[in-house]
Protein chains: 2
Amino acid sequence: MKRTKRERQTALKESINDNPFVTDEELSAEFNVSVQTIRLDRMELSIPELRERIKHVAVKTFEDEVKSLPIDEVIGEIIDIELDEKAISIFDVKQEHVFQRNQIARGHHLFAQANSLAVAIMNEELALTVKSELQFLRPVKAGQRIVAKATVIDRQPEKNRAFVKVVSTVDQVTVFIGTFEMYRMTEQSEGEVG
Amino acid sequence: MKRTKRERQTALKESINDNPFVTDEELSAEFNVSVQTIRLDRMELSIPELRERIKHVAVKTFEDEVKSLPIDEVIGEIIDIELDEKAISIFDVKQEHVFQRNQIARGHHLFAQANSLAVAIMNEELALTVKSELQFLRPVKAGQRIVAKATVIDRQPEKNRAFVKVVSTVDQVTVFIGTFEMYRMTEQSEGEVG
DNA sequence: CCCGCTATTAGCACTTGGTACTAATATCAG
DNA sequence: CTGATATTAGTACCAAGTGCTAATAGCGGG
């Protein structure tokens, strides 16, 4: 028997949080109080009923799925692009992109934004990265917005190559520089690199 | 009025597919048939009821969320590690990691595996990537397993630096090489890089 | 010991979005 | 016109609730 109402409600919140699929009846068994008590608790804590909770979770996935379709191809949001010339994308750093320990964005997200912008700028449906050099100049933290600017600095059409430089900034301060050697993939040569 | 039963059922399947949250009543309005007809249709097509559909979607997210928590820190699975010396991780390339057009793994996943292994090998709770040079030697396709081997090739403790080389292979063939200059972050210097 | 208060429990009617089943009616083809 | 298939209607029932009222338990103070 747990004691106070407050204790139970705290535990209840936690319990529902790490299993939103639990019913009032199951909870009443867990805390051995009546179902009505659980209901009252939910009211006070304004926790919605099972179905609403589930729906909430489901809607979230659904939106994520829909959202992730376009995102899948380019990391960050392209806000300006001139094919074969230059392009700009923005990327908002959220909790899921940082190390929990120090809130610093993990390198591969900066890389992903820059690299996918380099792919997008190529005036070619199929482009691959062959080489790249990266400099992580300053740590980026959750909540900051990274603006990546890509420029094509060299073209070697005979070799199916192009060189792209990407500079990423946060509040006008450069945080990352990357140069990418890109390979334009023609249909005949598909799958053959390097 | 749509005509045949078959046509309606095809449309019904599609309708539910791109909005699993629709009720029988709404569907009956959409196809102007009775609710019972919709129910019969669902039976024949063995489409579960609204709540079951929603629950299904919700459970999926839930599992994804739980799964993504450990993955969050290291991309790929570390199978061997000697701190400050060497480490090995494997990463299975799935559909979500490749360009749909050509089934080739996107560069940032190879980078992410290598980079997070470089972070992990550092015998330090807090490590950041300062610079890196990457070579994408061969395209990797969905279904392949990438084995990344990281080695610390140089240490500069006085400068809080270490150099890590990562070689990634698929079936013993090298597909990616990356060198990473890593910064060991001490508590005093936290947040200050470069 | 009783008063008052909060907490808990009980009970009932009602809601949504169904299942399961039966029966009636349409619709069309031979 | 008869049969088969399709559609609609209607009923009872379920889960997991809401919303409401009422009874009871436990305890603290005077």
Visitor: Calculate the interatomic distance between Gln9(B) atom CD and dT5(D) atom C1'; express it in whole Å.
Guide: 13 Å
Visitor: For Ile47(A) and dT18(D), give me the distance from atom CD1 to atom C1', rounded to whole Å.
Guide: 16 Å
Visitor: Distances under 3.5 Å between protein N/O atoms and the N/O atoms of nucleotides 9-12 of chain D, please, pair by pair.
Guide:
residue	atom	partner	partner atom	Å
dG10(D)	N7	Gln36(B)	NE2	3.4

Visitor: Taking all atoms of both residues into account, what is the closest heavy-atom pair of Phe136(B) and Ser132(A), and its distance?
Guide: CE1-OG, 4.2 Å
Visitor: Provide, to the nearest angstrom, the distance between the CG atom belonging to Leu45(A) and the C1' atom belonging to dA7(C).
Guide: 15 Å
Visitor: Look only at the side chain of Gln9(A) and the backbone of Leu45(A), and say whether a donor-acceptor pair between them is shorter than 3.5 Å.
Guide: no
Visitor: Hey, are the side chains of Ile104(B) and Lys141(B) touching, using non-hydrogen atoms and a 4.5 Å cut-off?
Guide: yes
Visitor: Look up atom CZ in Arg42(B) and atom CD1 in Ile16(B), then write down how far apart they are to the nearest 0.5 Å.
Guide: 6.5 Å
Visitor: Decide whether a cation-pi geometry holds between Arg53(B) and Phe21(B); the criteria are a distance under 6.0 Å from NZ or CZ to the six-membered ring centre and an angle within 45° of the ring axis.
Guide: no
Visitor: In terms of relative ring orientation, are Phe111(B) and Phe111(A) parallel, tilted or perpendicular, with 30° and 60° separating the classes?
Guide: parallel
Visitor: Given atom CD of Glu7(B) and atom P of dT7(D), what is their separation to the nearest angstrom?
Guide: 11 Å
Visitor: Taking 4.0 angstrom as the limit, do Glu85(B) and Arg155(B) come out as a salt bridge?
Guide: yes
Visitor: Using atom CG of Leu12(B) as one end and atom C1' of dA6(D) as the other, report the distance to the nearest whole Å.
Guide: 15 Å
Visitor: Give every pair of a protein N or O atom and an N or O atom of nucleotides 15-17 of chain D that lie under 3.5 Å apart, one pair per line with the distance.
Guide:
residue	atom	partner	partner atom	Å
dA15(D)	N3	Arg51(A)	NH2	3.0
dA16(D)	O4'	Arg51(A)	NH2	3.1
dA16(D)	N3	Arg51(A)	NH1	2.8
dA16(D)	N3	Arg51(A)	NH2	3.2
dG17(D)	OP1	Leu50(A)	N	2.9
dG17(D)	OP2	Asp24(A)	N	2.9
dG17(D)	O5'	Asp24(A)	OD2	3.4
dG17(D)	O5'	Arg39(A)	NH1	3.4

Visitor: Atom CD1 of Ile90(B) and atom CD1 of Ile78(B): how far apart are they, to the nearest 0.5 Å?
Guide: 11.0 Å
Visitor: Below 4.0 angstrom, N of the basic side chain to O of the carboxylate: do Lys94(A) and Glu96(A) qualify?
Guide: no
Visitor: Would a distance-only check, ignoring hydrogens and angles, find a side-chain to backbone donor-acceptor pair under 3.5 Å from Asp171(A) to Val173(A)?
Guide: no
Visitor: Rounded to the nearest Å, what distance is computed from the CD1 atom of residue Ile38(A) to the P atom of nucleotide dA7(C)?
Guide: 15 Å
Visitor: Of the nucleotides dT8(C), dA6(D), dG19(D), which has the atom closest to the Met43(A) side chain?
Guide: dG19(D)
Visitor: Could you run down the sub-3.5 Å N/O contacts of the protein with nucleotides 21-27 of chain D?
Guide:
none

Visitor: Ignoring hydrogens and geometry, is there a side-chain-to-backbone donor-acceptor pair from Ser28(A) to Glu25(A) under 3.5 Å?
Guide: yes
Visitor: Can you tell me the distance, in whole Å, between the CD atom of Glu52(A) and the C1' atom of dT18(D)?
Guide: 12 Å
Visitor: State which of dT7(D), dA7(C), dT9(C) makes the closest approach to the side chain of Lys5(A).
Guide: dA7(C)
Visitor: Val35(A) near the nucleic acid: base, sugar-phosphate alone, or nothing, with a heavy-atom cut-off under 4.0 Å?
Guide: nothing
Visitor: Round to the nearest Å and state the distance from Leu40(A) atom CG to dA10(C) atom P.
Guide: 13 Å
